[in-house]
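See below for the structure under consideration.
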Amino acid sequence: MARLNSPEDLEKLRQEVLSRNDPKRPCISICAGTGCIACGAAGVVSAFEEDLRRQGLGDKADVKRTGCHGFCEQGPAVVVHPDGVFYARVKPEDVPEIVSRTIKEKKVVERLLYVDPATGQRVVHESEIQFFEKQKRLVLGSNSRIDPGSIEDYLAVGGYSALVKVLRTMSPEKVISDIKESGLRGRSGSGFPAGRKWEACRNAEGETKYVICNCHEGDPGAFVDRMMMEANPHLVLEGMIIGAYSMAAHDGYIFVGGEFPLTVENVGIAIRQAEEHGLLGQNILGSGFDFTVRLSIDGGSYVCGESTALMASMDGRVGEPIRKYDHATERGLRARPTVLNNLQTWANVPLIINQGVERYRSIGTSGSKGTKVFSLTGAVVNTGMVEVPMGATLKEIVFDIGGGVRGGGKFKALQVGGPLGGFVPENQLNLKVDFDELGKAGLSMGPSLVVMDENACIVDTVKYFVTFLSDESCGKCTPCREVFRQILKVLNRISGGRGREGDIELLKELSDVQRDATLCALGQGAPSPIDSALAHFRDEFEAHIGEKRCPAGVCRGLSAAGPR
Amino acid sequence: MGIVTLTIDNREVKAEEGMTVLEAARGAGIEIPTLCWHEKLKPYTVCRICVVDVDARGWTSLDTACSRPVKEGLVVRTRSAKIDRIRKTILELLLAHAPDSPKLREYASEYGADRDRFEKDPSFCIDCGLCVRYCAEVKKKNAVGFVDRGIRREICFVPEVALRECNGCKECFPLCPTSYLQAAFVLVQALTAPAQPEKP
Ligand SMILES: Cc1cc2nc3c(=O)[nH]c(=O)nc-3n(C[C@H](O)[C@H](O)[C@H](O)COP(=O)(O)O)c2cc1C
Ligand code: SF4
């Protein structure tokens with residue numbers, strides 16, 4: 001591929017790609033995200049390729065292997081464009097029928113359609129499925145049209161047009177003021193205004209500056225960042241290039257967990273393609289701006305996602321937090337000005353530039369703008385990756401998009417924000433997806449939402465989180481390490497039927513010390529699940545301790561009815 | 001270096017720029033307890049027993065005195081109900097590991113910490129890291145390091161290095177607030193350099 005030497009070159013290539021793409025030509029898009037691969041998507045892809053060839057349709061339709069569409073519950077998912085016919089849970093045996101009926105005869109294979117569990121009706125189009133209909137998919141919307149290994153697919157959906165706009169018409173200062181005005185806040189859950197960080201880094205002294213994309217995502221059960229990166233890596237790269245341009249940074253890193261091989265592979269391919277096209281490297285699109293992106297693969301623990309630990313680890317030191325008195329925007333990676341943003345934060349940047357600040361700001365609440373992507377799992381009908389506008393209620397996510405509790409069970413709690421977050425009981429599901437509102441409720445906007453029904457035990461879940469953190473923290477500071485050790489003993493005692501009077505008070509006392517006296521935000525946030533469990537489900541702790549009973553029947557050694 | 005004036009426990013204290021609150025306080029005869037601090041080593045901020053209340057132009061927070069740089073106008077309180085409660089709990093948590101440590105017992109009586117509050121733990125190590133950091137920063141040998149993380153974090157000698165370096169040095173031994181270090185060293189010696197068995 002020839003290097004693109006100007007924004008005009010890029011637009012020319014885009015036109016070429018679009019003119020090659022006949023909008024009427026059938027395209028079979030198969031979700032081959034990590035989730036669907038686990039359900040056999042690879043076999044479905046090759047079945048389509050083979051069958052098209054066998055039926056002599058090899059040049060009449062395209063087969064596209066895409067990243068995660070989001071509806072993991074129904075995987076492997078197949079969408080036949082241009083009509084957008086959606087087939088759920090497709091197996092290789094189903095493929096010949098889809099090819100003969102849908103590709104050849106333009107008819108629908110009824111039996112493979114998704115059945116709306118609420119109405120019992122079969123639904124033909126992806127857009128009519130309630131799971132998708134109730135979302136606002138600004139960031140995820142293109143996933144089903146993009147083969148993550150193809151930069152041309154990204155160009156076909158308008159990719160890199162924000163970069164073109166920036167290089168053609170915007171000064172670095174203008175980019176920063178737009179990002180500030182857009183109200184974009186840190187999607188890791190930090191909620192920190194992105195534009196403020198960028199501005200501080202731009203104003204910091206020094207020639208060498210770094211931008212980093214945090215794609216560590218160590219939260220148990222969360223898969224949003226890695227799926228987004230896996231599905232649409234160029235979107236993140238484009239955001240990073242624009243950010244780097246605004247701060248005059250020339251080196252970028254993507255910090256990603258080595259335990260996500262497909263993510264690492266896809267982003268590696270995307271970087272190489274962007275380099276070959278002159279979108280990364282020296283003199284990007286002839287602008288005179290240089291920027292390279294490298295992968296930094298960590299095998300580290302949960303705490304490595306924390307800013308100071310992450311930078312230490314990238315620098316070849318032990319991935320442990322340290323007490324610093326300078327902001328990373330002044331002295332970050334290798335003591336140079338550095339901006340660290342979450343992957344979703346970067347992915348929002350091209351959107352803001354393309355849509356313009358006004359339109360972006362029109363979505364969301366007064367303090368939180370745009371959309372937020374969560375992984376939705378647990379005892380819910382529709383599991384998957386969901387994107388909602390800020391201001392959507394948790395209830396809408398669980399019941400409208402998620403379809404409610406699986407198996408008709410009774411809702412107990414929504415776990416929000418992972419091991420540093422908390423539990424939301426039914427009467428608080430009107431809480432909005434909003435940094436400030438959730439923050440005030442002691443929750444965080446982390447990547448995962450887990451629905452718990454009556455079969456889940458709160459004590460057991462808290463114990464799970466504490467166990468996780470006690471393994472995945474660094475153990476450096478006393479109040480974090482030793483409080484975990486003691487709290488685990490107390491929780492084990494309670495769930496084992498040996499709880500004592502005073503244990504709840506002891507949990508609270510120890511948590512207080514941990515929150516107040518630890519070194520990093522892991523220890524400071526670790527008491528959150530305990531706090532919210534005790535605030536909303538104290539009776540469950542009391543049942544375990546006083547009546548030796550686990551109401552959900554989960555804790556081994558305790559029965560749901562109590563001791564015989 | 002300039003001189004700054006700060007307030008510690010209602011006393012005006014002068015300190016050189018670049019000093020920490022701990023150094024300034026000790027210079028003025030105000031005692032703040034420490035476990036992981038050592039004058040030859042960089043602040044490590046992990047035992048957390050030196051936490052103090054810091055008010056920087058209305059911004060109050062708890063911070064470790066061993067790391068916090070002095071600043072003009074800083075207002076520091078080294079004791080409060082909250083600080084004492086934190087220190088007491090930290091001591092009780094560590095006494096579960098090293099109930100006979102003289103240093104811990106001395107502080108325990110100051111802060112009313114109950115030596116037997118928590119069930120005793122088999123490991124004496126309190127993870128202060130004095131040995132690890134002394135060996136790395138002062139001796140530059142790295143004969144002892146941390147292994148594992150989270151609640152399983154502990155110090156461990158690197159046998160090949162320790163056999164070569166430690167017998168002639170042992171400078172870290174007196175730094176250990178518990179007697180864990182010697183025990184760990186003897187263990188490593190026993191495991192890696194067993195007395196030559198006599199040939200039958
Ligand atoms: C224990 C711990 C783990 C974290 N893990 C992550 C992570 O996996 N991904 C992430 O983006 N941020 C993580 N963070 C937050 C980062 O430190 C940092 O604030 C964030 O990447 C900044 O991005 P944002 O401002 O765009 O949200 C973690 C923080 C803590 C304290
Ligand atoms: S709070 Fe926990 S994770 Fe953070 S530095 Fe201390 S021991 Fe490590």
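So you know, we letter chains A, B, ... as the sequences are listed, proteins then strands, and number each from 1. FYI, side chains are in, hydrogens and waters are out, and symmetry mates aren't considered; it's all heavy atoms of this structure.
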Q) Is it the backbone or the side chain of Arg117(B) that comes under 4.5 Å from a heavy atom of chain A, or both, or neither? A) side chain
(Q) Whether the side chain of Arg149(B) engages the backbone of Gly475(A) through a donor-acceptor N/O pair (distance < 3.5 Å, no angle test) should be reported. (A) no
Q) What residue in Leu35(B), Thr89(B), Asp127(B), Asp148(B) has the most heavy-atom pairs under 4.5 Å with chain A? A) Asp127(B)
**Q.** Toward chain B, the part of Leu522(A) with a non-hydrogen atom under 4.5 Å
**A.** neither
Q. With chain B, which of Glu482(A), Gln486(A), Lys476(A) has the greatest number of heavy-atom pairs at distances under 4.5 Å?
A. Lys476(A)
**Q.** Part of Leu93(B) within contact of chain A (heavy atom distance under 4.5 Å)
**A.** both
Q: Please report the shortest heavy-atom distance between Ile126(B) and Arg481(A), naming the atom on each side.
A: O-NH2, 3.2 Å
Q. Which pair of non-hydrogen atoms, one from Phe484(A) and one from Ile151(B), has the smallest distance, and what is that distance?
A. CB-CG2, 3.9 Å
Q. In Å and rounded to the nearest 0.5 Å, what is the OG1 to CD1 distance from Thr478(A) to Ile49(B)?
A. 8.0 Å
Q | Minimum-distance pair of heavy atoms, taken over all atoms of Asp121(B) and Lys489(A) | A | OD2-NZ, 4.5 Å
**Q.** Lys508(A) NZ: over 12 foreign heavy atoms closer than 6.0 Å
**A.** no
Q | Region of Leu469(A) in contact with chain B, defined by heavy-atom distances below 4.5 Å | A | neither
(Q) Are there over 12 heavy-atom neighbours, none belonging to Arg493(A), within less than 6.0 Å of that residue's CZ? (A) yes
Q: Give a yes or no on whether the backbone of Arg68(B) and the side-chain of Tyr325(A) come within a donor-acceptor separation of less than 3.5 Å.
A: yes
**Q.** Closest approach of Pro479(A) to Val46(B) (non-hydrogen atoms, all atoms of both residues)
**A.** CD-O, 4.3 Å
Q.
Does atom CG (Asn10(B)) have a neighbourhood of more than 12 heavy atoms from anything else shown, all under 6.0 Å?
A. no
Q.
Tell me whether the count of non-hydrogen atoms from other residues, nucleotides or ligands lying under 6.0 Å of NZ in Lys120(B) goes above 12.
A. yes
Q: Check whether more than 12 heavy atoms from other residues, nucleotides or ligands sit under 6.0 Å from atom OH of Tyr107(B), and answer yes or no.
A: yes
Q | Residue Glu505(A) excluded, over 12 heavy atoms near CD under 6.0 Å | A | yes
(Q) Can you tell me which portion of Ser301(A) sits under 4.5 Å from chain B's heavy atoms? Options are side chain, backbone, both or neither. (A) both
Q: Locate the shortest heavy-atom distance separating Cys474(A) from Arg153(B); write the atom from each residue and the value.
A: O-NH1, 3.1 Å
**Q.** Under-4.0 Å salt bridge between Arg485(A) and Glu119(B)
**A.** no
Q) Any chance NZ of Lys103(B) has more than 12 other-residue heavy atoms, nucleotides or ligands included, within less than 6.0 Å? A) yes
Q. Do Ile322(A) and Tyr44(B) come close enough that some side-chain heavy atom pair is under 4.5 Å?
A. no
Q. Is there a side-chain contact between Arg48(B) and Asp516(A), using heavy atoms and a 4.5 Å cut-off?
A. no
